[in-house]
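Report on the following structure.
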Amino acid sequence: MKILIKNGHVIDLKTKLDGVYDILIEGGKVVEIGNNLELSNGDVIDANGKYVLPGFVDAHCHLRDPGFEYKEDIETGTKSAAMGGFTSIACMPNTNPVIDNEAIVKYIFSKAKQDGVVNVFPIGAISKGQKGEELSEIGEMKFAGVVAISDDGRPVKSASLMKKALQYASMFDMTVISHCEDLELAEDGVMNEGYQSTVMGLRGIPSAAEEIMVARDLILAEYTKTPIHIAHVSTELSVDLIRNAKKRGVKVTAETCPHYFSLTEEACEGFNTLAKVNPPLRSQKDVEAIIEGLKDGTVDIIATDHAPHHRDEKNCEFYSAANGMVGFETALSLAVTYLIKPGHLSLPQLVEKMCVNPSKILGLNKGLIEVGKSADITIIDIHDEYTVDVNKFMSKSKNSPFNGFRLTGTVCYTIVEGKVVVREKVLL
Ligand code: DOR
Ligand code: ZN
């Protein structure tokens, strides 16, 4: 089946496209980009007034499969991703069993092939069972197809194990993704330590719990001359440390998530467990520093950290509520509303952070629209305003603090390897 996308504003950073073009797709690939292309027999998509972008690539999400399918599974997770415009997603290994060996990696690929509607790339665990004791089967998992290693959800407590992981992963051309948290400093805190936690009488997590581990990992990456990717950066000092390390030539890349540039700790008011996330939502000055980091390139990517949880895991007292929020279906509109509309980022810069850079970090041949390459394309309406309604999410879980928010920017079409998965905002 041939598809012709007509008259959309195409943005591609590699081939430097930034204007109105038609795109012809055949056999899952882009075969022609030009003007006045015609198609007599096939699917013609009118993209007039819309932006045609490379499919979004999410370097950090939780699909909960295997083991926690009551929260999400590969089918519902990939459908949710498609609704958010993501054509490729990398899922974290904190499943049950943990993704720490070849068999589980193969399970993810086969389930994704059977039930998934977008490309799924598993991330393997750094340590066996994510216990932080001994390295997992990193080489074996690489050959099975993992795109990175991470113990996300937990920090790697031992600096020595982290050093070995960095050295071992770099031999396989893989990046280590670090969840930076000093568990002793974080103790049993449940939100950012500061004015708001004092007012609410909740135990706080100091920003230093993140920053100390960012500093440690930057030192280890510099010492071993290996690449490291810092997950979900949330504080001003983390951004500063990464900026300085980059200046010294450390091979560090960094990520933040939409909630860290759109919300502060005040979202926890009223003991709102939907705003409970790890790392926690921080202060206004941290939000400003994250935005500055995105602007000057210190923060390379925006990832969702899509973390579905069952209603019962949020519908409880703040101390026992689970950490995390679903993120696929609000990522674009949060970026448009909080970054593009106020003029912090341009749309090509957003393409860099949501398509090009995540692909690079994971070593994927994605994040571009180019003749001969697979047709992973997302068409967006950047002006469309809507009210978030979690009941409309395709995700099995509805744990979003953004329910009822008025946001701008919607995903109209998601095309995965030449197959239309979302058409006119509806999942097929
Ligand atoms: O809030 C979070 N949720 N942070 C993490 O690091 C893990 C994630 C999860 O798996 O629920
Ligand atoms: Zn994490």
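Keep in mind the model is a prediction, meaning the values are calculated, not measured. Read the numbers this way: they start at 1 and go in the same order the structure lists the ligands and their atoms.
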Subject >> Sidechain N-carboxylate O distance under 4.0 Å for D384, K425 >> reply: yes

**OP:** Just jot down the ligand 1 atoms closer than 4.0 angstrom to any heavy atom of V277, in number order.
**Re:** 1 (O)

Original post:
How far is atom 2 (C) of ligand 1 from its nearest protein heavy atom, and which residue and atom is that?
Top reply: N278 O, 3.5 Å

Subject >> Under 4.0 Å to a heavy atom of H179 - the qualifying atoms of ligand 1, by number >> reply: 6 (O)

Original post:
Between the Zn ion (ligand 2) and E181, is there an N, O or S atom separated by less than 2.8 Å?
Top reply: no

Subject >> Name of the D152 atom (N/O/S only) found closest to the Zn ion (ligand 2) >> reply: OD1

Subject >> Check against side-chain contact (heavy atoms from CB on, under 4.5 Å), M213 and R216 >> reply: CA-CA 5 Å; M213 289 298 252; R216 181 201 77 175; 3.6 Å; yes

**OP:** Any atoms of ligand 1 less than 4.0 Å from a non-hydrogen atom of G153? List them with their elements.
**Re:** 6 (O), 7 (C)

Original post:
Does any N, O or S atom in H232 come within less than 2.8 Å of the Zn ion (ligand 2)?
Top reply: yes

Original post:
Which residue owns the protein heavy atom closest to atom 3 (N) of ligand 1, what's the atom, and how far is it?
Top reply: N323 O, 3.2 Å

Subject >> Backbone or side-chain N or O of G324 under 3.5 Å from ligand 1 N or O >> reply: yes

**OP:** Decide, yes or no, whether a salt bridge links D73 with K396 under the criterion of side-chain N to carboxylate O below 4.0 Å.
**Re:** yes

**OP:** Output the atom name for the N/O/S atom of H179 with the smallest distance to the Zn ion (ligand 2).
**Re:** ND1

Original post:
Among all residues two or more places apart in sequence or in another chain, which pass the ring pair (Phe, Tyr, Trp, His ring centres under 6.0 Å) test with Y168?
Top reply: F172

Original post:
How far does NZ of K366 sit from CD of E417, to the nearest 0.5 angstrom?
Top reply: 4.5 Å

**OP:** With heavy atoms of H309 as the reference, note each atom of ligand 1 found under 4.0 Å away.
**Re:** 11 (O)

Subject >> side-chain contact (heavy atoms from CB on, under 4.5 Å) involving T224 - partner list, sequence neighbours excluded >> reply: K163, L166, Q167, T226

Original post:
Can K157 and E184 be counted as an ion pair, charged N to O under 4.0 angstrom?
Top reply: yes

Subject >> Proximal ligand 1 atoms for H232, defined as those under 4.0 Å from one of its heavy atoms >> reply: 6 (O)

Original post:
Does R64 have a heavy atom less than 4.0 Å from any atom of ligand 1?
Top reply: yes

Original post:
Can we say D240 and R243 salt-bridge, meaning some charged N sits less than 4.0 Å from an Asp/Glu carboxylate O?
Top reply: yes

**OP:** Would you mind checking if R203 and E187 are paired as a salt bridge, meaning a charged N to carboxylate O distance below 4.0 Å?
**Re:** no

Original post:
For atom 8 (C) of ligand 1, which protein heavy atom lies nearest, and how many Å away is it?
Top reply: H62 NE2, 3.7 Å

